[in-house]
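Take a look at the structure below.
The sequence lines fix the lettering, A, B, ..., with proteins before strands; numbering per chain opens at 1.
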Protein chains: 2
Amino acid sequence: MGYSLKNCVFIDLPQRFCSNQGREHHTGIFISIERRDGLTVASIESTVISMQQMKVACENCSLHQLCLPLHLDHDAMAALDSIIKRRRPLQRGENLFQSCDKFSSIYAIRSGSLKTFSTTNDGQEQVTGFHLPGELIGLDAITTEEHNCTARALETTSVCEIPFNRLQDLGMQIPGLQRQLLRIMSREILEDQNMMIWLAKKSAEERLASLLLRISKQFSTRSFSAHEFNLSMSRTDIANYLGLAVETVSRLFTRFQVEGLLNVDRKHVVINDLDGMHRMAHSDPDCTQHEKNRLS
Amino acid sequence: MGYSLKNCVFIDLPQRFCSNQGREHHTGIFISIERRDGLTVASIESTVISMQQMKVACENCSLHQLCLPLHLDHDAMAALDSIIKRRRPLQRGENLFQSCDKFSSIYAIRSGSLKTFSTTNDGQEQVTGFHLPGELIGLDAITTEEHNCTARALETTSVCEIPFNRLQDLGMQIPGLQRQLLRIMSREILEDQNMMIWLAKKSAEERLASLLLRISKQFSTRSFSAHEFNLSMSRTDIANYLGLAVETVSRLFTRFQVEGLLNVDRKHVVINDLDGMHRMAHSDPDCTQHEKNRLS
DNA sequence: GGTCAACCATGACCCACATCAATAAAGGCT
DNA sequence: AGCCTTTATTGATGTGGGTCATGGTTGACC
């Protein structure tokens with residue numbers, strides 16, 4: 001396993017390392033070195049510097065093509081930047097927002113990962129998604145003006161908070177921003193519908209294979225390895241998300257391993273046979289019909 | 001069973017009755033009389049008149065509170081009205097749009113009903129939704145600029161076509177329109193996520209009971225009976241939507257009948273025991289957590 | 001180092017629902 | 001009316017994956 005500096009990313013200083021815990025815009029810089037698979041293997045705390053010096057701006061953010069893919073000029077970018085609140089990172093298990101919280105902002109994930117889940121009235125949880133850097137979450141709360149699910153950090157996670165009202169105001173000024181928002185929400189609808197298809201039609205092995213392929217693809221679009229990564233979520237979360245029992249997920253992992261498709265050691269996954277996984281999934285959930293037509 | 005004139009609605013003249021089939025804005029008026037349950041029991045063709053005389057305008061439309069619930073002044077409403085294309089009604093089985101069609105418009109359903117379904121790459125269909133008057137469809141195509149599912153009429157169905165680009169232009173002028181669009185899309189995300197919960201967690205009987213309750217609620221918000229209605233979709237569509245086998249759906253209908261919850265004769269459904277149905281569903285899929293908190 | 005709590009793996013058993021098959025009823029077409 | 005296709009119902013049988021139970025790891029904390 002090789003370590004590479006190209007995967008060195010800048011994230012906010014976790015609160016426990018932070019000298020001024022009280023302030024919302026805390027200062028400090030925390031450099032973490034990530035392995036190709038996204039696991040943080042080392043982290044260095046720098047001299048504490050001011051937020052201004054740090055310049056964690058959308059303009060410099062390697063993810064802005066993912067979260068709001070727009071060609072904005074310097075001024076528009078600065079305007080967008082000015083409304084974004086950067087909060088202290090969440091610890092594993094902390095909630096970004098909870099079901100029934102008043103809706104005021106949407107959030108762009110900068111580093112780490114979260115799960116979103118809602119609770120049915122008979123008390124059971126249903127995981128509705130796993131979210132990686134570059135994704136926007138909280139969009140489902142716009143209608144109700146209250147959050148309908150809880151977002152919980154799966155590891156140390158840092159997000160940009162984007163106040164929705166101010167974003168709306170900005171949308172009247174920056175051409176294309178509104179449309180981009182609609183586009184992102186449209187994509188989310190599409191993804192949820194794809195998810196409905198799996199849940200209604202796919203067998204357990206197809207579901208797990210599809211999920212692993214999707215994670216693999218997400219890592220590779222973020223220029224990590226598509227073959228080797230660490231799952232940040234537990235077996236229980238995976239099972240819940242896929243509508244299966246934990247035991248089934250466990251058995252499937254070992255079966256995939258026996259069949260030589262992958263190696264798995266707890267959270268660490270190495271996919272040996274991507275083609276075989278595709279055959280196992282029997283359909284790529286992220287490859288839409290029109291993409292397929294284009295390819296063929 | 002009583003017939004009531006309050007349920008008499010105006011719909012477009014089906015093409016086969018229409019004297020000038022070629023033109024997009026055909027002329028003619030077709031009055032259908034509906035029973036409380038929404039079934040068309042009689043229909044009368046009037047003298048052919050011009051579209052201008054007919055004045056099917058948003059302002060007069062009984063559904064505009066459902067499809068774009070906004071308080072617009074006369075001018076804004078007229079502007080909205082001017083971009084809407086009213087096309088000839090679809091016959092049962094006709095497609096409004098198909099997967100891979102270029103996306104240019106969203107559609108508001110005026111009368112009738114449609115199903116949307118997508119096709120997985122191994123050829124099987126998955127019904128992603130049933131849609132009633134007042135709903136907007138086609139929103140999932142904004143990202144890809146191509147439709148990702150097919151919308152097919154379940155009965156004679158009339159829609160308003162809303163060109164998306166012109167709607168976007170209008171959004172820059174009419175305050176609140178953009179936000180309303182976001183709100184509608186947000187609601188769709190929410191509904192899809194609820195659907196994911198059923199599919200992952202609910203038993204067959206819970207799924208069917210939930211669906212029937214949802215349909216009942218939809219009818220009642222459109223001021224039809226919540227107890228008695230006609231299903232416009234086939235058993236196959238229901239089974240497909242719920243991720244079950246047709247046989248299972250059929251058996252469940254008879255079981256619900258034996259248990260005295262409802263009477264069913266082919267497409268005609270009378271719910272005798274709404275409370276019992278709620279108990280059977282064991283959770284109301286449309287009642288979100290925050291609504292529940294408010295109620296308790 | 002010891003204890004406790006999560007988390008994960010694996011075997012034995014069983015049931016809800018799919019699948020297969022046969023029949024019946026309804027609707028469309030000539 | 002008669003024919004044919006589609007749609008719905010019902011029964012018999014099989015199985016995928018849920019449930020229950022046990023034991024093994026790992027990591028946090030004292």
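- With sequence neighbours excluded, the residues forming a ring-ring contact (aromatic ring centres under 6.0 Å, His included) with B:Phe130 are B:Tyr241, listed by chain and number.
- In this structure B:Arg255 satisfies the side chain to side chain donor-acceptor pair (under 3.5 Å) test together with B:Glu205, sequence neighbours excluded.
- Proximity of B:Ser250 to the phosphate of D:dT10: no side-chain N or O atom is located under 4.0 Å from OP1 or OP2.
- Atom P of nucleotide C:dT10 and atom CZ of A:Phe253 are separated by 13 Å, given to the nearest angstrom.
- As a whole-Å value, the separation of A:Leu231 CG from C:dC8 C1' is 13 Å.
- B:Leu208 places its CG atom 11 Å from the P atom of C:dC17, with the value rounded to the nearest Å.
- In this structure, A:Asp101 has no salt bridge (Lys or Arg N to Asp or Glu O under 4.0 Å) partners at least two apart in sequence or on a different chain.
- Residue contacts for A:Ser234: at a heavy-atom cut-off of 4.0 Å it reaches the sugar-phosphate backbone alone, with no base atom in range.
- A straight line from CE of A:Met233 to P of C:dC8 spans 11 Å, rounded to a whole angstrom.
- Partners of A:Tyr107 by ring-ring contact (aromatic ring centres under 6.0 Å, His included), not counting sequence neighbours, listed by chain and number: A:Phe97.
- Comment: B:Arg88 engages B:Glu94 in a salt bridge, judged by a side-chain N to carboxylate O separation of less than 4.0 angstrom.
- Taking atom CD on B:Gln124 and atom P on C:dA18, their separation rounds to 13 Å, with Å as the unit.
- For the pair B:Lys267 NZ and C:dA26 P, the interatomic distance rounds to 13 Å; values are reported in whole Å.
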Q. What string of B, S and - do you get for nucleotides 13-30 of chain D 5' to 3' if you count protein non-hydrogen atoms under 4.0 Å?
A. ----SSBB----BS----
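- Regarding B:Glu155, its CD atom lies at a distance of 17 Å from the C1' atom of C:dG27, rounded to whole Å.
- One end of the helix from C:dG1-D:dC30 to C:dT30-D:dA1 points its axis 50° away from the other end's axis, with each axis taken from 5 pairs and the angle rounded to 10°.
- With sequence neighbours left out, the side chain to side chain donor-acceptor pair (under 3.5 Å) criterion links A:Ser203 to A:Glu206.
- Rounding to the nearest 0.5 Å gives a distance of 5.5 Å between CZ of B:Phe256 and CG of B:Leu252.
- Scanning for side chain to side chain donor-acceptor pair (under 3.5 Å) contacts around B:Gln126 gives A:Lys201, with sequence neighbours left out.
- Taking B:Gln257 as the reference, nothing meets the side chain to side chain donor-acceptor pair (under 3.5 Å) condition, with sequence neighbours excluded.
- Put simply, CZ on B:Arg92 is 11 Å from C1' on C:dG28, counting in whole angstrom units.
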